[in-house]
Amino acid sequence: MTSVEENTDHTADSGPSGYAAARLRLLQEESQSGPSRRSALAGLTDEWLNALFATAVRETGVRGATLVAVGGYGRAELSPRSDLDLLLLHDGKADPRALSALADRVWYPVWDLGLALDHSVRTPSEARRTATEDLKVHLGLLDARTVAGDAGLLAGLRTSVLADWRNQAAKRLPELHSLCRERAERAGELRFLLEPDLKEARGGLRDATALRAVAASWLADAPREGLADARRRLLDARDALHLVTGRATDRLSLQEQDQVADRLGLLDADALLREVYEAARVVAYAGDVTWREVGRVLRARAARPRLRGLLGARGDRAGTRAPLAEGVVESDGEAVLALAARPDRDPVLALRFAAAAAQAGLPVSLHAVRRLAAQGKPLPVPWPAEAREQLLTLLGAGEPTVAVWEALEAEGLITRLLPDWERVRCRPQRNPVHTWTVDRHLIETAVRASALTRRVGRPDLLLMAALLHDIGKGWPGDHSVAGETIARDVASRIGFDDQDVAVLGTLVRHHLLLIDTATRRDLDDPATVRTVADAVGSVGTLEILHALTEADALATGPAAWSAWRGSLVADLAARVAAVLRGSVPAAGEPEIPTTEQERLAVEALRTGEPVLALQARQEEDAVGVDLVVAVPDQPGVLPAVAGVLALHRLTVRAADLRSMELPDRLGEVLVLRWRVAAEYGSLPQASRLRTDLVRALDGSLDVPAKLADREAAYPRRRGVVPPPPRVTVVPEVSSLATVLEVRAPDAVGLLHRIGRALESAGVRVRSAHVSTLGANAVDTLYVTTPEGKPLDPAVAAALAASVTAALS
């Protein structure tokens, strides 16, 4: 089947080749884009189908029939690769064979040009009955229009279909809302996806169409400000995607985003995603408001005693006006402004309104938010104490904060209160570990922090740091450095004193310090703990930073936090607190082994062979395993253990290697502590792991060859090529060893290859700290000479280069 874009016959007749040529010219015209091109393409298609229909009618002799466009084509919104949704409507008087011949003479030319076609043949009564039975058919007919033939047939059907839609709204709209929710669960939230489906995801084109259907019911209407423009931007993005890919696709894949951005005249893929996210936010917010209004109207209708129990309505709240705060009341399950409220005279009212709504767990009235946006008086700088307290009350309300914040943001109130918010609003994060855009992540962090406020002496500083910790991501350079400056400025304007401003600056500047240090540095090295203590400065700041670290990680995504990471951060925080309190252990004091580790170490020394213990972590992950391996000190331990784990399809989530010298015993034992997960859900067998480890150490098991076979068997993944591995020497973090940091895509046998490269260089691994985030690994290794001394800088640089080469 030949597609229309491949047909190069430029004749001007109304036949297939003429339509194909005219269509191709239209799609190639730079001056034609957006709504004008979609409308022009629909008009061109109308002319072609009209001619086909007229010829078919003459040839078959059918009378009393009309060709109807429904759905997107009915709205005259044809994207370059859109389906044609057509209904052949007839009065039922034609001979069935003649009617079938008429349909064939229309459908087959469409198929011959490679166009996707959704078609049906019905009488008006059949169409009406089908619409009653099938919600999707009913929705399509709401946008029906005549393309060719007897327009009177459709006019009668449209009148009936619209009347049915309005009469059945109490049944149809909940059904439509259910479909929207199911689709959102399946396709996700458009404005938070790195590869969003422009049509199916929440806030996408289907949701925009659903809002049109709600408006047609006359039961409720969507907020219209910005909605048409948002819908246009999503359609424009889909048009560009169709032209770039040459396919009828709605998924904005990573590899196509730069080309789509270029076709739309945008700077880059990030600018494209931000525009798409902003449009989706408008559609999603309009949907939230509209469906809430639908529910309110249906509850009001159900308030009659006979129906109230059947529908299970929340009618007990209807009509009440309970006070929430000064100028704020609850009415019909929403937070609204009191009758006497004066936004033009009360600059704190917007924050008081938002805080009261969030604390009560109520949605906010659209009318109230718009009135605050239109009439609200700006806050003085610095803010009065009440304004600061109301902001903190809003941030500390927990989960309800999200909906209230987004309602204020939709009407521009947030950027008016916090101008720096504009740079992070709808800003994408291309790290797949992140679930949210920057702005939503900040609010989610505040939500998480609200549950941790009992752990800190200054919950106000914790909540503000949560809100501002990534505020620098809208600026070039290190976002922590830029964020410190912004956070200090914001805190001053909000009215914090100089001491609190300094603490907030420190928290934002070092919000990644604890997690990075705990997972990538040797905590037994005194220099590690001292460096963190110097950066933090006080026990009170450390306390807040510890809670902020947890809140930030929990709000990032499931790959960013675990019990293992939490224990590492807690251990580091305890050591730093000891230093800040002046109760630090003597430098170089060996770590006290646990009873289990000592038992394994003694057994390893006694037998001269590796000993291991496995413990499943059912409370966190059904396939998560803690693995401790004790091995008499010898070369090649790290690559051997890492290689055996990879062969057993165990993914390393975190690891720690260190040398342990037991009291009153000769020799040293290497103790390796691993947090691993089984790829396919089956727990490893300790006996098999030990057997393979013994063979790997004595050389009878060729680990590199086995891993190469495994890697060759993995299918090649399509998508964005990850950046190359990077190995750096981290200066001045340890006086006892040279520190290498390896950043690389997580892959089969990665740690094994690192270990082999280090063994080949003749260095000793003093400790290793493995951290895996999504598809990326960050491994930190403390290495020394065989005599236990740090490496010469030139040797260290050469080692980093050789490890990079081994991973490339």
Side-chain angles (χ1 to χ4, degrees), residues 1-9 14-28 35 37-53 56 67-89 100 102-122 127 130 134 136-148 183 186-187 196-201 204-206 208-209 234-253 256 260:
M1 192 177 292
T2 304
S3 72
V4 292
E5 281 73 7
E6 293 168 348
N7 193 320
T8 56
D9 185 347
S14 60
S17 59
Y19 168 71
R23 179 186 172 102
L24 181 61
R25 286 195 299 272
L26 174 61
L27 296 181
Q28 291 177 338
R37 180 172 58 202
R38 288 189 288 274
S39 179
L41 183 56
L44 180 67
T45 305
D46 285 354
E47 294 177 8
W48 176 52
L49 291 175
N50 194 304
L52 287 177
F53 186 80
L67 189 62
V68 177
V70 298
Y73 183 28
R75 295 188 295 272
E77 293 175 342
L78 274 187
S79 290
R81 289 283 181 170
S82 288
D83 295 356
L84 295 183
D85 293 334
L86 293 172
L87 164 65
L88 181 56
L89 197 64
S100 176
L102 173 65
D104 289 346
R105 282 168 169 77
V106 177
W107 307 154
Y108 276 95
V110 175
W111 287 326
D112 288 344
L113 286 182
L115 297 174
L117 176 64
D118 188 355
H119 60 90
S120 58
V121 180
R122 296 187 178 107
T130 304
D134 190 327
K136 293 180 180 179
V137 172
H138 209 156
L139 291 172
L141 287 174
L142 294 178
D143 292 310
R145 65 179 178 85
T146 300
V147 173
R183 188 175 63 252
R186 184 175 62 252
D197 189 309
L198 299 173
K199 188 175 184 179
E200 299 291 331
L205 291 168
R206 282 208 188 277
T209 301
L234 292 175
L235 286 168
D236 288 352
R238 185 174 70 170
D239 286 1
L241 180 62
H242 284 189
L243 292 171
V244 163
T245 63
R247 303 191 312 274
T249 179
D250 298 307
R251 185 168 297 281
L252 195 55
S253 299
E256 281 130 14
V260 172

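- Between D236 and R38, some side-chain heavy-atom pair lies under the 4.5 Å cut-off.
- Within the model, atoms CD of E47 and CG of L49 stand 10.5 Å from one another, a figure rounded to the nearest 0.5 Å.
- Under the 4.5 Å side-chain criterion, counting only non-hydrogen atoms from C-beta, L52 is not in contact with Y108.
- Two residues are said to be in side-chain contact when any heavy atoms from C-beta on lie closer than 4.5 Å; R23 and L41 meet this criterion.
- When the side chain to side chain donor-acceptor pair (under 3.5 Å) test is applied to R37, no partner is found at least two apart in sequence or on another chain.
- In this structure A42 satisfies the side-chain contact (heavy atoms from CB on, under 4.5 Å) test together with Y73, A76, L78, R145, sequence neighbours excluded.
- One distance of note links CG of L27 with CG of D239; it measures 9.0 Å at 0.5 Å rounding.
- For N50, the side-chain contact (heavy atoms from CB on, under 4.5 Å) partners two or more places apart in sequence, or in a different chain, are A148.
- In this structure R206 satisfies the side chain to side chain donor-acceptor pair (under 3.5 Å) test together with E200, sequence neighbours excluded.
- Smallest separation of non-hydrogen atoms from V70 and G140: CB-O, 3.6 Å.
- Applying the side chain to side chain donor-acceptor pair (under 3.5 Å) criterion to S120, with sequence neighbours excluded, gives R122.
- When the side chain to side chain donor-acceptor pair (under 3.5 Å) test is applied to D85, no partner is found at least two apart in sequence or on another chain.
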| So V147 and W48, side-chain contact (heavy atoms from CB on, under 4.5 Å) or not? Walk me through it. | CA-CA 10 Å; V147 173; W48 176 52; over 6 Å; no

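- Between the OG atom in S39 and the CG atom in L44 there is a gap of 11.0 Å [rounded to 0.5 Å].
- Of the inter-residue distances, the one linking L198 atom CG with S79 atom OG reads 10.0 Å to the nearest 0.5 angstrom.
- For A20 against L113, the heavy-atom pair with the smallest separation is CB-CD2, 4.4 Å.
- Residues forming a side-chain contact (heavy atoms from CB on, under 4.5 Å) with D250 (at least two apart in sequence, or on another chain): D197, K199, R238, H242.
- Inter-residue side-chain proximity for Y19 and L115 is flagged as met; some heavy-atom pair is nearer than 4.5 Å.
- Of the candidates L141, V137, V121, L141 is the only one forming a side chain to side chain contact (heavy atoms under 4.5 Å, CB included) with L87.
- Rounding to the nearest 0.5 Å gives a distance of 10.0 Å between CG of L84 and CG of D118.
- The side-chain contact (heavy atoms from CB on, under 4.5 Å) check on T146 picks up T66, A151, L154, with sequence neighbours excluded.
- No side-chain heavy atom of T209 sits less than 4.5 Å from a side-chain heavy atom of L139.
- The aromatic rings of W107 and H119 sit tilted relative to each other, their planes meeting at an angle between 30° and 60°.
- Counting all heavy atoms, side chain and backbone alike, A237 lies closest to V260 at O-CG1, 4.1 Å.
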